[in-house]
Engineer: 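Got a structure here, written out as structure tokens. Questions coming.
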Amino acid sequence: MKFNLRVWLVALLLLTAVSLAACGSETAPTEPAVQATSPAAAPTTEPGVEAPPAEAAPAAPSGTLRVALPTFPNSLDVSSAAERNAQNAAWQLYDSLVWINEAGEMEPALAERWDVSDDGTQYTFYLRQDVTFHNGEPFNAQSVIFSWERGKRDDMQWSDRWARAVAMEAPDDFTVIMRTENPDPLFLGIMAQHWGMVPPGYIGEVGEDGFNNRPVGTGPFMFVEWLREDRIVYEANPNYWQTGYPLVQTLIFRPIPESSTRVAAIRTGEIDIVNRLSAEQAASLEGAAGVQVIRYPVDRVFYIAFNNLTSGIGQPTEDVLVRQAMNYAVDREAIIEALFDGAASLSTGFLTPGNLGYNTALDPYPYDPIKARDLLAEAGYPDGFEMDFACPAGAYTNFEQVCEAIQGFLSEVGIRTNLEIMESGRYWDLEAEKALPPLFGDSWSERSGEALPRLLGALGGWDASFSAWSDPVIDDYLERIGTTIDREARADLYSELHAYMYENPPFIYLYSPETFEAIRTDVRDYYPRAAEDYFLFQTRIDR
Amino acid sequence: MKYRLSPFPHAMQRYLLSRLVQSLFLLIGVLILVFFMVRLTGDPARLMMPREASPADIAAFRTAMGLDRPLPVQFWEFMRGAMVGDFGNSLHYRAPAMQMVLERLPATLELAAAALTFALLVAVPLGIIGGSNPGSLWDFLARTVGLIGQTVPNFWLALLLLLFFAVNLGWFPTFGRDEAKSVVLPAVALGFFTMGQLVRLTRSAVLEIRGEDYIRTAYSKGLPTNIIYARHIFRNAAIPLVSIIGVQFGYLLSGSIYIETIFAWPGLGRMIAESVAARDYPLVQAVAFFTSAVVVLLNLLTDIAYAIIDPRIRYDQ
């Protein structure tokens, strides 16, 4: 009797194990056939390589492209899509009046051409006449005015981007005249990146809620469905005004927050494009069947900020010699080697090599602790000093270790810091109230190709939320740059400012990271940009 | 023979009614607590705006989203809405918070139920065999499995399962909830700890019960072993088991945050983490409320299960 019972229970256990394994082995996903070209032979692709000229591709769009996103988009409306990944997903649905091509030049999009007045404050756009929104509604000047009035509402996160145009009128259905307050050299760039055109009739009909649930634009892809936190599905717009595009029939975004899972998914072929991988993860994918690794520098600077507005008043860091000394004291190369496997470049300032006016005559501060000590002695601190230092936790890859390393380097020249690593939400609250210690770490990225927005953001003094430093010389430069339309003249001003900020550093300049992405080898014409921007209308999948 | 309209004794009906009322007050208390706690975490407006936004823009945004209204006003609106199930719109997603929660609840419940099923299917047989044969190999196995289950961190196990079963063997998808078998790896990772606990619990319960006098009596009466197990041992061992399951389900719901992140499982867990980090007040409130409601409901069901299993428990103390 006992024997029977035990056998029965054991059998149940075994049956469970067997059935779990069995239901796993049916229809196991098969590895896609390895492509003829060896993926290990071509590990990197340069960004900024010009996309092939936009000839009309004769074939109809085909295939399904699956892209993994590291965060969940909060909105598919570009005026309220909060961060980069949401913007990337959203922008496939829309167009602006102009577009920045791979070479950084302004090209016509929904506007065929435009004129700028002599004083640089009036723009006249002549719109394309053959464009319709995904719901069939025609695109015209009224759509532009409506989109502008909606975009600059106070409850839109990006309202200040729309508000750069202070007035707008439409003399006829396909002409729009806009005015800016001052000559605004960044106006067109900001329009290209933030002014997604939306349909007035549709929004009037379904309301904001309806638009959120089912967004409509003029873009290469049309919205199909959005199962929040599971998938976003788009399909090709058959009436797209750029004939011959897009090149894939179905576009699917899958949010996968854990980077190891993204690596696993690209290996098994469940996903075609993944981004935000670390150097180690990219290295583990080198040579993986069917996978190609892409690597490019991101337009982002990491820095340790000084403060002369609040907690830094009266501190040794107000002295320029001290700030220079601190730049000499940190061995950035060692940090990059140890923490990023060398996948970052040293900063010379708040401009990156791709930014307009980058001053190529400047070399990064070398690691020179002896010089640092000399400068400190000259400034009157031969024995160093003590200072508080803060750093956000969990915000940027390895940044906590970077700050700890910096603490170590500074202490070697006599600057003893009390480092506090705090939760990032609270950190940014304090930063915005200018209540952080006189030394604090942070980072800033830039999409527009020019450093002005982040310079204003970090050095705008009391006018900018996240600024802790104000220097009237810098303010003067920024104002001049902000109103100089001529690109060459602006580049010169940037160069001068770059050199000035090198000699009078408001930051300890650290590094600009590289980012790693991976794609399946049958994905073609995928061109991510330095701001982790990408446009998928030109991407194909050979499957 | 007295004729009863309901299968439950009157005392228990009164008990259950009072438990129901208690639960309602509990839920109201949860609503109040969450409302105030989430507002202690700080200002959501600045987190939602781009970095270059000026203080003036942020203030305008805050007003436009209704975040600067006086606290009593916000509280009154919140409670009023909550009574009819309207938790407002998520600040981050601009969609109705309760609707978002309900959309995801099934996925999280499915995962928790699958995890619990896995835990039970492994733990109960193993625990019973182990407890019935103290000192044997099965007993050793039960104790070891219990220990491993309770010490292995679930996110580490999740990554291991992912690499081995999904990438190397290709038996399961690496992420998502696309197919029926997508639930297996997340369920195993999530339920592993519970399995460990239940093995140890079942084993020790069976061990203890087998030593009881009434079991010895049953054997000496000549009852067949399978009847002894079915009528006496199972039912008595089930009591602590059922009580733990109620608690464990709450743990499973919250532990799912890691597992849902790793496997990109579209459930509530990930949404909880994100909404707290973003200080998305309405969403945090909705999620906290629904999670509490599920746990409270489960406890209620557990109490009913007690009554069915154990006729000794009296409710009219």
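Basis for what follows: all heavy atoms, side chains included, without hydrogens, waters or symmetry-related copies. So you know, we letter chains A, B, ... as the sequences are listed, proteins then strands, and number each from 1. Source: prediction; values computed, not measured.
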Engineer: For A:Arg262, is it the side chain, the backbone, both or neither that has a heavy atom under 4.5 Å from a heavy atom of chain B?
Structural biologist: neither
Engineer: Could you give all pairs that pass the salt bridge (charged side-chain N to carboxylate O under 4.0 Å, His left out) test and reach residues 57-67 of chain B, with sequence neighbours left out?
Structural biologist: B:Asp43-B:Arg62
Engineer: If you count heavy-atom pairs under 4.5 Å with chain B, which of A:Gly457, A:Ser159, A:Ser80 comes out on top?
Structural biologist: A:Ser80
Engineer: Identify, with sequence neighbours excluded, every residue that meets salt bridge (Lys or Arg N to Asp or Glu O under 4.0 Å) alongside B:Arg177.
Structural biologist: B:Glu110
Engineer: Where do A:Arg231 and B:Asp178 land on the side-chain contact (heavy atoms from CB on, under 4.5 Å) test, with the steps shown first?
Structural biologist: CA-CA 10 Å; A:Arg231 75 187 70 224; B:Asp178 302 349; 2.7 Å; yes
Engineer: After noting the C-alpha distance and the side-chain angles of A:Glu431 and B:Arg51, does the key distance pass the side-chain contact (heavy atoms from CB on, under 4.5 Å) rule?
Structural biologist: CA-CA 11 Å; A:Glu431 191 177 346; B:Arg51 273 179 75 92; 3.7 Å; yes
Engineer: Hey, could you give me the CD/CD distance between A:Glu229 and B:Glu103, rounded to the nearest 0.5 Å?
Structural biologist: 9.5 Å
Engineer: With a 4.5 Å cut-off on heavy-atom pairs, point out which of A:Gly425, A:Ala458, A:Pro257, A:Ala432 contacts chain B the most.
Structural biologist: A:Pro257
Engineer: Measuring heavy-atom distances to chain B, does A:Leu456 have an atom under 4.5 Å in its side chain, in its backbone, in both, or in neither?
Structural biologist: neither
Engineer: Heavy-atom pairs under 4.5 Å with chain B are the metric here; pick the option from A:Met156, A:Glu83, A:Glu423 that has the most.
Structural biologist: A:Met156
Engineer: Rounded to the nearest 0.5 Å, what's the gap from CD1 on B:Ile58 to OG on A:Ser465? Could you check?
Structural biologist: 3.5 Å
Engineer: Answer with side chain, backbone, both or neither: which region of B:Arg46 has an atom nearer than 4.5 Å to a non-hydrogen atom of chain A?
Structural biologist: side chain
Engineer: Give the intermediate values and the outcome of salt bridge (Lys or Arg N to Asp or Glu O under 4.0 Å) for residues B:Arg94 and A:Glu208.
Structural biologist: CA-CA 9 Å; B:Arg94 299 172 191 254; A:Glu208 291 290 346; over 6 Å; no
Engineer: Quick one: which of B:Ala64, B:Pro50, B:Ser54 has the most heavy-atom pairs under 4.5 Å with chain A, could you say?
Structural biologist: B:Pro50
Engineer: Looking at CG of B:Asn168 and CZ of A:Arg267, how far apart are the two atoms once the value is rounded to the nearest 0.5 Å?
Structural biologist: 7.5 Å
Engineer: Rounded to the nearest 0.5 Å, how far apart are CD1 of A:Ile256 and CZ of B:Phe175?
Structural biologist: 4.0 Å
Engineer: Can you name the salt bridge (Lys or Arg N to Asp or Glu O under 4.0 Å) partners of A:Arg300, sequence neighbours left out?
Structural biologist: none
Engineer: Of the backbone (N, CA, C, O) and the side chain (C-beta and beyond), which part of A:Asn212 lies under 4.5 Å from a heavy atom of chain B, both, or neither?
Structural biologist: side chain
Engineer: Quick one: which residues of residues 260-272 of chain B reach chain A at under 4.5 angstrom, heavy atoms only?
Structural biologist: B:Thr261, B:Ile262, B:Ala264, B:Pro266, B:Gly267, B:Arg270, B:Met271
Engineer: Rounded at 0.5 Å granularity, tell me how far CG in A:Asp154 sits from CZ in B:Phe61.
Structural biologist: 9.5 Å
Engineer: I'd like to know whether CZ of B:Phe290 has more than 12 heavy-atom contacts from other residues, nucleotides or ligands below 6.0 angstrom.
Structural biologist: yes
Engineer: Examine whether an atom of B:Asn89 lies under 4.5 Å from a heavy atom of chain A, and if so say whether it belongs to the side chain, the backbone or both; otherwise answer neither.
Structural biologist: side chain
Engineer: Would you mind checking which part of A:Arg153 comes under 4.5 Å of any heavy atom in chain B, side chain (CB onward), backbone (N, CA, C, O), both or neither?
Structural biologist: neither
Engineer: Could you report the tightest heavy-atom contact between B:Pro55 and A:Asp463, atom names first, then the distance?
Structural biologist: CD-O, 3.4 Å
Engineer: Quick one: what part of A:Ile271 sits under 4.5 Å from any heavy atom of chain B, side chain, backbone, both or neither?
Structural biologist: side chain
Engineer: Can you tell me which of A:Trp444, A:Phe466, A:Trp462, A:Trp158 forms the most heavy-atom pairs within a distance under 4.5 Å of chain B?
Structural biologist: A:Trp444
Engineer: For the pair A:Asp429 and B:Arg279, evaluate side-chain contact (heavy atoms from CB on, under 4.5 Å) and give the outcome as yes or no after the intermediate values.
Structural biologist: CA-CA 12 Å; A:Asp429 266 355; B:Arg279 299 174 190 158; 2.9 Å; yes
Engineer: If you round to the nearest 0.5 Å, how far is CD of B:Glu274 from OG1 of A:Thr71?
Structural biologist: 7.0 Å
Engineer: Which bit of B:Leu163 is near chain A, if near means a heavy-atom gap under 4.5 Å: side chain, backbone, both or neither?
Structural biologist: neither
Engineer: Considering only heavy atoms and a distance below 4.5 Å, find which of A:Val263, A:Asp230, A:Asn213 pairs most often with chain B.
Structural biologist: A:Asp230
Engineer: Measuring heavy-atom distances to chain A, does B:Ala277 have an atom under 4.5 Å in its side chain, in its backbone, in both, or in neither?
Structural biologist: neither
